[in-house]
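Not measured: the values here are computed from a predicted model.
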Amino acid sequence: MRHVIALDVGGTGMKAALAGPEGELLHRVRRPTGREHGPDAVVAGILDFAAELRAYGAEHFGTPAAAAGVAVPGIVDEARGVAAYAANLGWRDVPLRDLLAERLGIPVALGHDVRTGGLAEGRVGAGRGADRFLFVALGTGIAGAIGTDGRVEAGAHGFAGEIGHIVVRPGGAECPCGQRGCLERFASAAAVSEAWATASGDPGADAADCAKAVDSGDPKARAVWQEAVDALADGLVTALTLLDPRTLIIGGGLAEAGETLFTPLREAIRRRITFQKQPSIVPAALGDSAGCLGAGLLAWDLLLPTDRSEVTT
């Protein structure tokens, strides 16, 4: 069976799959990233993992993988195939695409983890069928993917979609990026966790606990939650004004709160828009499979450079 290698590299773990021509995941496996051993060991582990996947495919499906797609965190130069920087992995300017292509002997595509997950959500997930979509992941930080006609825009320098660094509260909390008042300092899962830990007096409380307290009617939790929703709506309306997406897909840990997030967020956006058209606002559908699915799509796109928006899971 013809297939490709799909590899999603995270800060602590790697998820991998062999993906078939219709996007189906034929074989899945996980293993630690091994960042505690240093960046060189991480790179070596990725190369070894990919080689093992190639061997598995050759043994079980009668032919080795035809291509590979890899999603990595941090700053990614997709055009050059270079993993430019990732604070949580400690690497800089790793020519990962060329290293993998040399090791595997097949074409390799390298993508940014959020943009790759967004590609999957837009093409075969919650945004399937939408010609223009915006995917926003609300996790430790906030990042996005801008989709048009089944493709995701990387930008001239690889920074497209960094919605978490839209300034929504000028002069507000300092962000590691060097600005003050960035969206992710107020509306990420990490920001909500920090605010709720302070408001509740429980240093171990997190965003999920805050959402539960909101559902139970706790006024302190509602205040913390509404502040995050308002900041998120401000940032998203800026993005909607610039991009005019047909579908807005929200994923990441904070989206797991379901309608506790989506109901007030839809209303907050509705109150803010004037001439803009409110998009369909939906939760992400693919969960933690999005990265692998997207990496597989990147690989298939290398083999069939025409539009593969017809690929289905």
Side-chain angles (χ1 to χ4, degrees), residues 1-9 14-28 46 50 53-54 57 61 63-73 76-83 95-135 143-161 245 247 249 284-286 289-313:
M1 178 178 289
R2 199 161 183 246
H3 63 278
V4 297
I5 293 168
L7 183 57
D8 180 17
V9 179
M14 295 186 284
K15 298 184 286 288
L18 297 179
E22 299 304 317
E24 68 274 26
L25 301 183
L26 306 170
H27 168 68
R28 303 192 205 194
I46 293 170
L53 288 162
R54 184 180 187 278
F61 301 119
T63 182
V70 184
V72 297
V76 183
D77 186 335
E78 296 175 7
R80 295 171 52 230
V82 173
L96 196 55
R97 183 183 65 193
D98 289 348
L99 292 173
L100 281 163
E102 182 178 357
R103 179 71 175 270
L104 301 174
I106 55 176
V108 177
L110 182 69
H112 180 271
D113 57 352
V114 173
R115 287 196 293 268
T116 301
L119 174 68
E121 284 289 353
R123 199 183 287 184
V124 301
R128 183 176 177 182
D131 54 346
R132 297 178 186 275
F133 68 88
L134 175 63
F135 169 73
I146 302 164
T148 305
D149 293 328
R151 306 285 177 179
V152 169
E153 174 61 51
H157 307 96
F159 298 136
T247 303
I249 307 164
L286 301 177
S289 295
C292 269
L293 286 165
L297 293 172
L298 289 178
W300 282 115
D301 283 350
L302 290 175
L303 302 173
L304 196 66
T306 54
D307 181 20
R308 284 197 57 84
S309 58
E310 77 281 2
V311 173
T312 59
T313 54

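For Leu104 against Ala68, the heavy-atom pair with the smallest separation is CD1-CB, 4.1 Å. The shortest heavy-atom contact between Val76 and Gly111 is CG1-C, 4.1 Å. In terms of heavy atoms, Leu53 sits closest to Ala16 at CD1-CB, 3.5 Å.
Checked by atom type and distance alone, the side chain of Glu24 never pairs as donor or acceptor with a backbone atom of Leu26 at under 3.5 Å. In this structure, the side chain of Arg97 engages the main chain of Ala79 through a donor-acceptor pair within 3.5 Å. Remark: the backbone N or O of Ala67 is not paired with any side-chain donor or acceptor of Trp300 at under 3.5 angstrom. In terms of modelled atom types and a separation under 3.5 Å, the side chain of Arg28 and the main chain of Lys15 share no donor-acceptor contact.
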Could you please spell out the steps behind the side-chain contact (heavy atoms from CB on, under 4.5 Å) verdict for Arg115 and Glu78? CA-CA 11 Å; Arg115 287 196 293 268; Glu78 296 175 7; 2.9 Å; yes

Verdict with supporting geometry, His112 and Val152, side-chain contact (heavy atoms from CB on, under 4.5 Å): CA-CA 10 Å; His112 180 271; Val152 169; over 6 Å; no

side-chain contact (heavy atoms from CB on, under 4.5 Å), that's the test. Do Phe135 and Leu119 meet it? Break it down for me. CA-CA 9 Å; Phe135 169 73; Leu119 174 68; over 6 Å; no

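Note that CZ of Arg123 and CG of Leu286 are 12.5 Å apart. Values are rounded to the nearest 0.5 Å. Atom CE of Met14 sits about 11.0 Å away from atom SG of Cys292, to the nearest 0.5 Å.
Checked against Val108 for a side chain to side chain contact (heavy atoms under 4.5 Å, CB included), the options Leu100, Ile5, Leu298, Leu99 give a single hit: Leu100.
No more than 12 heavy atoms of other residues, nucleotides or ligands sit less than 6.0 Å from atom CZ of Arg132.
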